Amino acid sequence: MTEEPARPGQASQSRTGPREASAGEVGQRKVSVQAAAQILAERDPVLARLVAEAGLPSLPRPTETHFAALVRSITYQQLAGPAARAIHGRLIQAMEGEVTPERLLSLSPEALRAAGMSANKAASVQDLATKVLDGTVVLNSRGLARESDADIVARLTTVRGIGKWSAEIFLMFQLRRLDVWPTGDLGVRKGYGLAWQIPTPTPKQLDLLGEPYHPYRTVVAWYCWRATQLYAGAASTAVTS
């Protein structure tokens, strides 16, 4: 599926820690992900069954800064796990463990190639670092707290290599926002069809189907991923057990 002050003249974003526990859109009453699941289970018998079968959901607190999480996301795109981990590890080593926009931009093209970064991915992480430093992408906690999910997605998708899905995964698992509905994710669509026993919906159909679950659609997406594991034996999804 990374935070720092991004405005010129401010301290580097990399100095702030991963302290984003927002539970949805700005101004929304915050509840835990487990409490949200229990609220939904009371509203919907399908979700009640999923809660009983899969247990309460978990969104572990992030261990990386927001910037580092986005660098990881870009590095891992379209790569198998072991290869992605190796390249990402070499990239972190090249930055001497300090994953900041400044440190990344200090790396030469040769250093990025030596880490295993393709030209496209190198350009993407450099674009991310540049946009963080010039304020196009806001990753500091105070700035993010003032932005809606849609605002954050709009900013992130200006970065080369970060699409809507990647931005939504960042919202869900890094910022832990509770009303994200990744309709373009095939696993969510398949899981919804399996759980509610309907044909796999299109993204447009799933968008409408998600309306009753405001403001906790992240939790519904979590259970859709789990449904593909429970009912179709999916080996790998955005969530684990």
Side-chain angles (χ1 to χ4, degrees), residues 1-20 62-81 83-177 180 182 184-185 238:
M1 70 203 55
T2 321
E3 60 212 71
E4 306 58 40
R7 303 292 184 187
Q10 290 181 322
S12 165
Q13 289 184 297
S14 55
R15 307 306 178 204
T16 60
R19 186 70 190 101
E20 281 300 327
T63 58
E64 299 174 299
T65 66
H66 297 333
F67 180 75
L70 290 169
V71 168
R72 178 188 292 274
S73 175
I74 291 170
T75 304
Y76 272 59
Q77 286 173 3
Q78 299 177 328
L79 286 176
R85 284 192 294 272
I87 292 170
H88 183 254
R90 290 195 294 268
L91 179 63
I92 301 304
Q93 188 175 31
M95 291 186 280
E96 298 181 347
E98 188 179 353
V99 189
T100 67
E102 298 90 344
R103 183 70 69 138
L104 193 146
L105 289 174
S106 74
L107 297 179
S108 67
E110 292 75 21
L112 289 169
R113 283 198 299 271
M117 298 289 284
S118 67
N120 283 338
K121 289 190 178 181
S124 293
V125 294
Q126 289 172 326
D127 189 43
L128 170 65
T130 299
K131 284 184 166 67
V132 166
L133 291 175
D134 71 18
T136 301
V137 172
V138 174
L139 294 180
N140 66 86
S141 296
R142 182 174 297 178
L144 285 168
R146 292 193 294 264
E147 294 199 334
S148 69
D149 295 349
D151 291 336
I152 294 169
V153 169
R155 285 182 182 268
L156 286 177
T157 53
T158 66
V159 176
R160 173 176 178 157
I162 297 182
K164 186 171 182 284
W165 181 85
S166 295
E168 289 169 337
I169 294 299
F170 176 79
L171 284 171
M172 296 172 76
F173 294 102
Q174 186 69 17
L175 301 189
R176 304 171 77 237
R177 299 251 177 137
V180 185
D185 187 288

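Heads up: numbering here begins at 1 and tracks the sequence. Everything numeric here is computed off the predicted structure, so don't read it as measured data.
With rounding to the nearest 0.5 Å, the separation of CD1 in I87 from CE in M117 is 8.0 Å. Rounding to the nearest 0.5 Å gives a distance of 8.0 Å between CG of D149 and CG of L175. Separating the CG atom in L112 from the CD atom in Q126 is a distance of 5.5 Å, to the nearest 0.5 Å. In this structure, CZ in R72 is found 9.5 Å from CZ in R85, a value given to the nearest 0.5 Å.
Between D127 and T158, the shortest heavy-atom distance links the atoms OD2-O, 3.9 Å. In terms of heavy-atom proximity, L107 sits nearest to A94 at CD2-O, 3.5 Å. S124 approaches I74 most closely through the heavy-atom pair CB-CG2, 3.7 Å. Nearest heavy atom pair, residue R155 against residue G135, reads NH1-O, 3.2 Å. Closest of all the heavy-atom pairs between K131 and V159 is CD-CG2, 3.8 Å. Closest approach of E64 and A69 over heavy atoms only: OE1-CA, 3.6 Å.
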Dump the intermediate steps for side-chain contact (heavy atoms from CB on, under 4.5 Å) on L156 and L171, then the final yes or no. CA-CA 10 Å; L156 286 177; L171 284 171; 5.9 Å; no
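For Q78, the CD atom sits in a loose shell: 12 or fewer heavy atoms of surrounding residues, nucleotides or ligands are nearer than 6.0 Å.
Within the 3.5 Å criterion, the main-chain N or O of L70 finds no donor-acceptor partner in the side chain of S73. A side-chain donor-acceptor contact under 3.5 Å links K121 to the backbone of Q77.
Defined by atom type and a distance below 3.5 Å, a donor-acceptor pair is missing between the side-chain atoms of S118 and N120.
Residues R176 and P62 meet the side-chain proximity criterion, which asks for heavy atoms closer than 4.5 Å. Between I152 and R177 the shortest side-chain heavy-atom distance falls below 4.5 Å.
With I92 as the fixed residue, the side chain to side chain contact (heavy atoms under 4.5 Å, CB included) test singles out one of H88, R90, E96: H88. Here the rule is side chain to side chain contact (heavy atoms under 4.5 Å, CB included) with F170, and of L139, V153, I162, V180 only L139 fits it.
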